[in-house]
Protein chains: 2
Amino acid sequence: MRGESLKGHLDLLVLAVLADGPLHGYAIIEALRERSGQAFDLPEGTVYPVLHRLERAGRLASDWDASTGRRRRTYRLTGPGRGVLEVERAAWNEFVTAVGRVVQGPAWNPI
Amino acid sequence: MRGESLKGHLDLLVLAVLADGPLHGYAIIEALRERSGQAFDLPEGTVYPVLHRLERAGRLASDWDASTGRRRRTYRLTGPGRGVLEVERAAWNEFVTAVGRVVQGPAWNPI
DNA sequence: CCCTCATACCTAGTATTTCTAGGTATGAGA
DNA sequence: TCTCATACCTAGAAATACTAGGTATGAGGG
């Protein structure tokens, strides 16, 4: 699946995978792939800029892990980031409901 | 709700409302608002360019309705457009499933 | 030892899509 | 007559993901 459908929702996905514990960038890409059942195989050029943006916005914080020779930057959710995650989760649910109503047609009646 | 979350999905919504019969542009905007339960209140500057794009792509066709003094351009789904709608409906369902898996967390198990 | 591949990070520029902010014009109702 | 809803349109701005590059380490095979 092309991540283009993701426009506007990738922040939610990144925050969601980090809600279960810190991960470094590359591991976030793998987590998105695995947790989505291979649906989201996002290029690094998509994910790294998102992480930088989320960190600038104060939703993530990062530390360089120098324990191995290979440099790794580990991201974690901040307090505000966790709040934003909950807001975005709720917004996602509303969005899905709204699209569903339109797509199912006017005859469709969820109860 | 801001239509920004729609990025990449608005085509599906427009095709879906036209699946139940032709409508002119302004009525499409109203149909999206009503069928979504007021969630999508899209500016004309968003919808008209989409209609033009979908027509250029052969998914919609339009006729000018000169019956009233007020000019109206009525859009209808073409054969290929109906096929695209089905493809996009399926893609939407996969997308929702994939996002759901990521957002619910790894412990979540749908059966 | 060398070569390749997976890991791990990054950025600049491009493409696409929606929104903002205007513009024009008709018809209905106060 | 004046205002508002209807009804169409476009140009440029903003946001966001992708492409296509770049650098460097570590593991494993030949």
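The chains referred to below are lettered A, B, ... by the order of the sequence lines, with proteins before strands, and numbering in each begins at 1.
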How long is the span from the CH2 atom in A/W64 to the NE2 atom in A/H24, to the nearest 0.5 Å?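 Atom-to-atom, A/W64:CH2 and A/H24:NE2 are 11.0 Å apart.
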Working to the nearest 0.5 Å, report the span between CG of B/L23 and CZ of B/R73.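 So the gap between those two atoms works out to 14.5 Å.
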Donor-acceptor check, side chain of A/T78 to backbone of A/A61, threshold 3.5 angstrom: yes or no?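 Not a single qualifying donor-acceptor pair exists.
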In whole angstrom, what separates [X]'s [atom1] from [N]'s [atom2]?
X     : N      : atom1 : atom2 : value
A/R53 : C/dT11 : CZ    : P     : 14 Å
A/R71 : D/dG22 : CZ    : P     : 16 Å
A/H9  : C/dT16 : NE2   : P     : 20 Å
B/K7  : D/dA15 : NZ    : C1'   : 4 Å
B/E44 : C/dC19 : CD    : P     : 13 Å
A/D65 : D/dT25 : CG    : P     : 16 Å
B/I29 : C/dT18 : CD1   : P     : 13 Å
A/L6  : D/dA17 : CG    : C1'   : 9 Å

Residue whose nearest DNA chain C nucleotide is more 5′ - B/P43 or A/H24: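 Nearest-nucleotide comparison on DNA chain C picks A/H24.
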Specify the residue among A/Y48 and B/V47 whose closest nucleotide of DNA chain C lies further upstream toward the 5′ end.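 It is A/Y48, whose closest nucleotide lies nearer the 5' terminus.
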For the side chain of A/R70, counting heavy atoms from C-beta on, which of D/dG26, D/dT10, D/dA5 is nearest?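 Of D/dG26, D/dT10, D/dA5, D/dG26 is nearest to the side chain of A/R70.
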Relative to the ring of A/W92, is the ring of A/H9 parallel (under 30°), tilted (30 to 60°) or perpendicular (over 60°)?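 Perpendicular.
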Does B/G45 reach a base, just sugar-phosphate, or nothing at all? Heavy atoms under 4.0 Å.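 Contact class for B/G45: base.
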